[in-house]
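Some notes on the structure that comes next.
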Amino acid sequence: MPKLTYLGHSAFLVEGGGTKLVIDPFLNDNPVAATSADRIDVDWVLLTHGHGDHIGDGIEIATRCKATVVAPFELANYCAARGCEVHPMHIGGGYDFPFGRVKLTIAHHGSSAPDGTYTGNPCGFLITMEGKTFYHSGDTGLFLDMQLIGEMNDIAVAVLPIGDNFTMGIDDAVKATEFLRPGLVIPIHYKTFDVIDVEPAAFVDAVSAKGFQARVLEFGGSLDY
Ligand code: NI
Ligand code: MN
């Protein structure tokens, strides 16, 4: 059974398929992070886009752990130029890794590194390990293709941004859940900054009223799925 641990913002530790991976490890500069970058020990680092609150400590973690960075092509190249082992991918493409399958989805957002380098298109991840699919949307607005993602994948757990301003807010994340029909939905990308100081319980209440399973995973909290 794979295990998810929410590290805060959009960062997750995923343990399953005989390995550990971290997604969007924005930790040391995140005021609500559940841990620090030096405490992360993983084999893979998955990055949805280049923004500082997503690439975060990814390069440092990947180089220290000799982990491979999985990211959209331009972002993977950016990390490779900074010493990382990388596995570049792109939107619509999937690949069977030793731990399971990763497929990149669209995300309607931007992507540049903190130094201003263009890092291509942002993405979301469909990660299937031990027969269970986890959908991390990355930073995105609502898009109708989520209906297709929901139709073509049996999503056990989906994590969706609710913070508004930079991404979907609560109402759009509820609609996204209706499109995706996941077994469980968990809100992310809230509270970190003043401009996204949104209450996750409000999302859970709204989406539960539509008949979906939802829960707030506290920063540092884990669940098996
Ligand atoms: Ni972003
Ligand atoms: Mn973000």
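What you are looking at is a predicted structure, and each value in this text was computed from that prediction instead of being measured. Every number for a ligand or one of its atoms is a count from 1 in the order of the listing. We number each residue from 1, following the sequence as shown.
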- Among Ile23, Leu75, Ile59, Val86, which one satisfies side-chain contact (heavy atoms from CB on, under 4.5 Å) with Leu47? Leu75

- Task: Run through Phe125, Phe99, Tyr225 and flag the one making a side-chain contact (heavy atoms from CB on, under 4.5 Å) with Val14.
- Result: Tyr225

Determine whether the aromatic ring centres of [X] and [Y] lie less than 6.0 Å apart.
X      : Y      : value
His108 : Phe143 : yes
His54  : Phe26  : no
Phe219 : His9   : no
Phe12  : Phe134 : yes

Check ion pair [X]-[Y] (N to O, under 4.0 angstrom):
X      : Y      : result
Lys191 : Glu199 : yes
Asp96  : Arg101 : yes
Arg82  : Asp115 : yes

- Message: At a cut-off of 2.8 Å, what protein N/O/S atoms sit near the Ni ion (ligand 1)?
- Response: His49 NE2, His51 ND1, His109 NE2, Asp139 OD2

- Note on the structure: Atoms listed for the Mn ion (ligand 2) (protein only, N, O or S, under 2.8 Å, no waters) are Asp53 OD2, His54 NE2, Asp139 OD2, His189 NE2

